[in-house]
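What follows is one structure encoded as structure tokens, with my remarks underneath.
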Number of protein chains: 2
Amino acid sequence: MPAVSAAQGRSTSNGGAQRRRAGRPSAAVLDKAGITAAALELISRKGYGGLTMAALAKVLEVAPSALYNHVASKQDVLLLVEDHLMSLVDLSGFGGGSWEDAVRAWAWSYRDVFAEHTPLIPVIAVLPVTDAPQTLAMYETVSKGFLDAGFPQERIIPAIVALESFIFGSAYDVTAPEDIFDSGSMAGSTPNFSAAVRSSAAGQERGRPADTAFSLGLDALISGLGALRK
Amino acid sequence: MPAVSAAQGRSTSNGGAQRRRAGRPSAAVLDKAGITAAALELISRKGYGGLTMAALAKVLEVAPSALYNHVASKQDVLLLVEDHLMSLVDLSGFGGGSWEDAVRAWAWSYRDVFAEHTPLIPVIAVLPVTDAPQTLAMYETVSKGFLDAGFPQERIIPAIVALESFIFGSAYDVTAPEDIFDSGSMAGSTPNFSAAVRSSAAGQERGRPADTAFSLGLDALISGLGALRK
DNA sequence: CTAATAAATGAATGGCATTCATTTAGTGGT
DNA sequence: ACCACTAAATGAATGCCATTCATTTATTAG
């Protein structure tokens with residue numbers, strides 16, 4: 001199928017999109033910032049399942065192959081998105097106030113941002129920071145916050161990594177279905193677990209279960225790691 | 001059914017799979033246990049990139065479409081694998097000894113198992129335990145361990161979830177490349193971060209960096225969560 | 001004995017990322 | 001002013017992949 005797709009257009013009041021003839025256009029249509037923005041729009045509209053190179057090209061009113069003049073692969077697009085998201089993480093606490101409060105605000109916003117973007121977590125976990133300026137900027141601010149709070153220099157990176165690991169895992173947790181711990185017909189053979197599930201659901205009432213666990217773990221990490229300060 | 005599983009070809013020691021004629025064979029060739037075993041073998045040999053329905057069918061010496069008589073989708077295969085892996089997690093500490101030691105042994109082995117299977121983490125995070133008997137069994141044992149250690153019932157699930165979140169995030173961390181924190185040409189603009197990276201690398205010497213961070217975070221979590229006991 | 005069901009084959013199907021030949025436009029050097 | 005090179009677009013493959021469907025054969029239930 002020729003896929004009428006992107007640029008149909010002509011006279012009808014569509015999104016615009018005149019068909020472009022082959023060859024380099026006078027003004028460049030694409031750049032990394034535009035690709036990033038289009039990817040984010042697509043993700044928010046259709047989710048990560050809807051983020052395909054073809055769909056991205058359609059949003060940008062370009063042939064799919066044109067994207068490859070600006071990124072080497074789809075993975076590259078994900079990297080661009082990932083780095084952009086890092087700029088949304090709240091670092092304001094590291095400007096003043098206690099280390100505990102700064103870490104808490106940072107961790108909650110970091111988790112919230114990536115809870116909406118869990119498919120990027122495997123990407124982040126392996127992404128060399130060199131290629132990600134926003135990510136690097138975040139690490140710089142956080143490192144300085146830890147240093148100023150009195151952390152021994154050689155403990156700073158392990159502490160940040162431990163916190164990040166917890167944050168990434170917790171981001172997945174946010175996306176879990178309500179009934180994930182429903183033991184169903186097997187409940188009879190798991191009395192202790194089933195009782196614990198019932199009991200935590202009962203004591204819950206307000207707020208998401210994921211928030212309760214995150215709060216609990218974060219407090220434990222903050223107090224445990226905080227003890228490393230000189 | 002013992003499930004001959006990875007069906008071997010007739011007499012010849014070819015890798016080559018006698019061609020079976022169409023129609024139901026007298027003895028069933030496939031079952032879930034065999035599919036699970038073949039998937040695990042494939043994963044260990046070729047990684048998750050090599051785990052395709054076609055490759056799985058080839059290992060089992062069947063046509064790809066035959067798999068769909070036993071599983072509904074590839075996701076289903078991943079679920080089978082995931083549940084099998086849960087049986088490899090070390091629960092022995094919960095038989096006796098201190099809660100701290102039991103949790104520590106459980107957490108390390110849990111992380112080690114899934115560090116080799118990070119592509120399953122998104123699957124687990126969303127998997128209803130009903131469909132996963134081994135997973136359910138693990139939760140039962142761990143829940144009982146927490147209860148016996150004096151945890152208030154309504155705190156047990158949040159505490160386990162917090163630990164699991166940390167474990168999953170840390171499993172990704174194990175797979176990160178050595179030089180992930182290399183700031184390269186940008187190092188000049190990130191003095192605090194770069195110094196922290198150098199310093200933690202220097203103090204490292206033995207063991208993986210991921211182990212240092214995991215140990216640090218796990219100790220913090222254990223001492224913080226342990227304080228919840230009555 | 002027969003109808004329903006289970007389990008296999010083999011041939012599509014449609015979606016996907018990616019590549020390649022081709023076209024056109026700007027750019028740097030002489 | 002010319003020319004070679006490079007940049008940025010189109011459009012037509014390519015190959016991989018999960019999944020579906022019609023068909024065949026065997027077993028099982030009534």
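Because only heavy atoms are used, hydrogens play no part in the values below, and waters and symmetry mates are left out as well, while side chains stay in.
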Q.
If the cut-off is 4.0 Å, is A:His70 near the phosphate of D:dA7, judged by side-chain N/O to OP1 or OP2?
A. no

Q. Does any donor-acceptor pair link the side chain of A:Asn69 with the base of D:dA7 at a separation under 3.5 Å?
A. no

Q) Quick one: is C:dA8 close enough that its OP1 or OP2 comes under 4.0 Å of any side-chain N or O from B:Arg20? A) no

Q: Starting from P on D:dT10, measure out to CE on A:Met53 and report it in whole angstrom.
A: 13 Å

Q. Roughly, in whole Å, what's the span from CG in B:Leu51 to C1' in D:dA18?
A. 12 Å

(Q) Looking only at the side chain of B:Leu30 (C-beta and beyond, no hydrogens), which of the listed nucleotides D:dT20, D:dC17, C:dA8 gets closest? (A) C:dA8

Q: Could you state the atom-to-atom distance from NZ of A:Lys58 to P of C:dC16 in whole Å?
A: 11 Å

**Q.** Separation of atom CG in A:Asp31 from atom P in D:dA8, rounded to whole Å
**A.** 10 Å

**Q.** Length of the line joining B:Leu56:CG and D:dC16:C1', which is rounded to integer Å
**A.** 16 Å

Q: Give the nucleotide from the list C:dT5, C:dA17, C:dT18 with an atom nearest to the side chain of A:Thr52.
A: C:dA17

Q) How are the rings of A:Trp108 and A:Phe214 set to each other: parallel, tilted or perpendicular (split at 30° and 60°)? A) perpendicular

**Q.** Ring centres under 6.0 angstrom apart (A:Tyr110, A:Phe114)
**A.** yes

Q) Parallel, tilted or perpendicular: which fits the ring planes of A:Tyr139 and B:Phe193, with parallel below 30° and perpendicular above 60°? A) parallel

**Q.** From D:dT20, D:dA8, C:dT18, nucleotide with atom closest to B:Tyr68 side chain
**A.** D:dT20

Q.
So if I take every side-chain heavy atom of A:Ser65 and compare against D:dT19, D:dT10, D:dT27, which nucleotide ends up nearest?
A. D:dT10

Q: May I have the distance from A:Leu60 (atom CG) to D:dA8 (atom P), rounded to whole angstrom?
A: 15 Å

**Q.** Shortest side-chain distance from B:Ala66, nucleotide among D:dA8, C:dA8, D:dT19
**A.** C:dA8

(Q) What is the separation between atom CZ on B:Arg24 and atom P on C:dA8, rounded to the nearest whole Å? (A) 8 Å

Q) For DNA chain D, whose closest nucleotide is more 5', that of B:Ala27 or that of B:Gly49? A) B:Gly49

Q) Under a 4.0 Å N-O cut-off, is there an ion pair linking A:Lys144 with A:Glu140? A) no

Q. Between C:dA17, D:dT10, D:dA18, which one does the side chain of A:Lys74 approach most closely?
A. C:dA17

Q | Pair B:Asp211 + B:Arg111, salt bridge at N-O below 4.0 Å | A | yes

Q: Give the rounded distance in Å between these two atoms: OH of A:Tyr48 and C1' of C:dG15.
A: 20 Å

